[in-house]
Amino acid sequence: MSESYMEMWRGLGINIEAHDGLMGVLEKFYTDIYLSQQNRPVGMEYFDYLVSEIHGQRIKELVGARKAGRKVIGAFCVYVPEELTIAVDAIQVGLCAGADVGSESAEKIVPRNTCALIKAFIGFKLSGLCPYIEASDLVVGETTCDGKKKAYELFGEHVPMYVMEIPQRKESIDRDLWKSEILRFKKELEKLTGRVISTDNLKKAIHVVNNKRKALQRLADLRSADPAPISGRDAILINQMSFMDDPVRFTEKVHVLCGELEKRIQEKTGAVPAGTPRVMLSGCPMAIPNWKVPFVIETSGAVIVGEESCVGTRNFGDLVDESCETMEEMLEALTDRYMQINCACFTPNNERLSQIVSQAKALKADGVIHYAITFCTPYEMEAFKAEKVLRDEGILFYPLSTDYGMEDIEQIKTRVEAFVEMINGRVYGAV
Ligand code: BJ8
């Protein structure tokens with residue numbers, strides 16, 4: 001990354017030496033996992049560029065926007081309504097971290113057996129490595145799992161923190177609570193920015209975010225083709241970048257890529273040969289640069305064709321009703337849309353199980369790998385239920401728990417290869 005960002009990073013309080021080291025490791029990692037792939041769509045060039053400038057150009061845009069009086073909202077969860085952020089002319093970015101960085105520092109303030117996602121965002125902050133956290137005027141957390149809830153109390157000593165209360169059930173009383181939380185967040189944003197959200201601005205913001213989701217839906221649908229027109233790694237990267245990039249520019253680039261993928265499908269050009277075992281991922285979100293499991297799967301003879309995840313369908317599967325005209329109708333529509341997200345923090349959460357089955361069928365997946373970050377109780381527990389429903393449907397299932405470390409990569413590879421063998425055995429009639 002260019003030398004010209006040094007001053008900007010220093011201004012944000014970034015630990016330059018440690019940051020240089022991190023960027024060097026990431027560059028190598030990206031070359032090995034991404035740029036080494038054969039037959040990638042040309043449209044991926046934009047996303048390669050985004051990654052190469054993830055702490056450069058994009059941060060420059062955020063810093064520039066702040067200088068012009070706009071605010072930056074950092075969020076950890078897909079429950080935080082980006083529509084409201086855009087309606088106050090602020091910018092929302094994702095803060096979840098997907099690398100084993102700063103865990104030693106993190107373990108000074110949270111227990112060792114905390115999930116890697118939580119340790120990573122704390123570690124990035126305490127080690128001075130995340131310009132997104134440093135560029136955020138408000139950091140928005142949510143009461144989903146116990147780990148996050150308690151971590152935000154500690155994290156709030158280091159950043160300007162705001163926590164949204166997420167209900168744990170989907171009864172009408174829970175919906176009422178969630179609607180009141182949407183209203184409270186709206187007021188908080190209005191206070192922060194000094195702007196009052198008008199119906200016109202909210203309508204436009206809903207349209208912008210819906211368009212982003214529609215582009216991601218288009219991409220997801222194209223992956224049902226055989227041969228898969230794009231690797232799972234590339235599609236996951238695009239989903240990860242949906243939390244970082246400008247939403248309008250991102251939407252445009254995803255559509256350009258989708259146009260290319262449609263041509264590939266017509267010409268039967270794939271990222272892998274037709275008939276390659278098709279795996280769907282389900283479970284915990286994979287924040288950038290968490291690419292370990294996708295890399296292992298796609299170097300073990302399979303292709304990933306979809307993600308039932310918050311870096312996947314839980315992020316873009318549902319739209320907000322755009323026919324609403326009044327503020328009250330729009331807030332109701334936002335409440336409804338976000339209540340449909342099936343995070344494992346909800347109980348019961350049978351809608352998620354149905355979603356896994358229908359998504360796996362729509363994508364013609366041969367098997368589902370359930371990904372849980374070690375110590376993530378909600379997803380590790382829900383894996384047992386997911387296994388049962390998929391078995392009942394005759395879909396192969398493998399539950400995988402791992403953290404961000406690389407020590408277990410060979411062990412995971414052996415297990416994933418055995419799973420791919422099972423798929424091959426079934427396809428060829430041996431199972
Ligand atoms: S809506 S999945 S983004 S909470 S992995 S921190 S659950 S112990 S990330 Fe999530 Fe929102 Fe739910 Fe999605 Fe806790 Fe599990 Fe860690 Fe997790």
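One-based numbering, in listed order, for ligands and for the atoms of each. Scope of the values below: all heavy atoms of this structure, side chains included, with no hydrogens, waters or symmetry mates.
Contact annotation for Cys96 and ligand 1: no heavy atom of the residue comes within less than 4.0 Å of the ligand. Contacts between Cys284 and ligand 1 below 4.0 angstrom, taking non-hydrogen atoms only, involve the side chain exclusively. Proximity of Ile118 to ligand 1, defined as any heavy-atom pair under 4.0 Å, is confined to the side chain (atoms from C-beta onward).
Among the atoms of Cys77, an N, O or S atom falls under 2.8 Å of atom 11 (Fe) of ligand 1.
Look at Pro285 and you'll find a heavy atom under 4.0 Å from some atom of ligand 1.
Here atom 1 (S) of ligand 1 lies nearest to Cys310 when heavy atoms of Ser309, Cys310, Gly312 are compared.
Looking only at heavy atoms of the protein, atom 15 (Fe) of ligand 1 is closest to Cys376 SG, 2.3 Å. The protein atom (non-hydrogen) at minimum distance from atom 14 (Fe) of ligand 1 is Cys145 SG, 2.2 Å. For atom 10 (Fe) of ligand 1, the closest non-hydrogen atom of the protein is Lys148 NZ, 3.6 Å. Ranking the protein heavy atoms by distance from atom 2 (S) of ligand 1 puts Tyr379 OH, 3.2 Å first.
Close contacts between ligand 1 and Cys115 involve ligand atoms 5 (S), 6 (S), 8 (S), 16 (Fe) [criterion: under 4.0 Å to a heavy atom]. Near Tyr79, meaning under 4.0 Å from one of its heavy atoms, ligand 1 places the atoms 1 (S). Below 4.0 Å from some heavy atom of Thr144 lie the following atoms of ligand 1, by number and element: 4 (S). Residue-ligand proximity, Cys343 to ligand 1, at heavy-atom distances under 4.0 Å covers atoms 1 (S), 2 (S), 4 (S), 12 (Fe).
For the residue pair Arg249 / Tyr46, a side-chain donor-acceptor distance below 3.5 Å is found, with atom types taken as modelled. Checked by atom type, the side-chain pair Glu53/Tyr5 shows a donor-acceptor distance below 3.5 Å. Side-chain contact, Glu142 with Thr144: a donor N or O sits under 3.5 Å from an acceptor N or O. For the residue pair Asn211 / Thr251, no side-chain donor-acceptor distance below 3.5 Å is found, with atom types taken as modelled. For Thr143 and Glu165, the side-chain atoms include at least one donor-acceptor pair closer than 3.5 Å. Checking Asp321 against Ser323 by side-chain atom types alone, a donor-acceptor pair falls below 3.5 Å.
Note on ring orientation: taking the six-membered ring where Trp is involved, the planes of His55 and His19 are parallel (angle under 30°, cut-offs 30° and 60°). A perpendicular orientation is assigned to the rings of Trp291 and Tyr34, their planes being inclined by more than 60° (bins at 30° and 60°).
Under a cutoff of 6.0 Å and an axis angle of 45°, Lys170 and Phe346 form a cation-pi pair.
Of the options Arg415, Met422, His370, a side-chain contact (heavy atoms from CB on, under 4.5 Å) to Tyr398 is made by Arg415 and by none of the others.
Note that atom 17 (Fe) of ligand 1 has no protein non-hydrogen atoms nearby, at separations under 4.0 angstrom.
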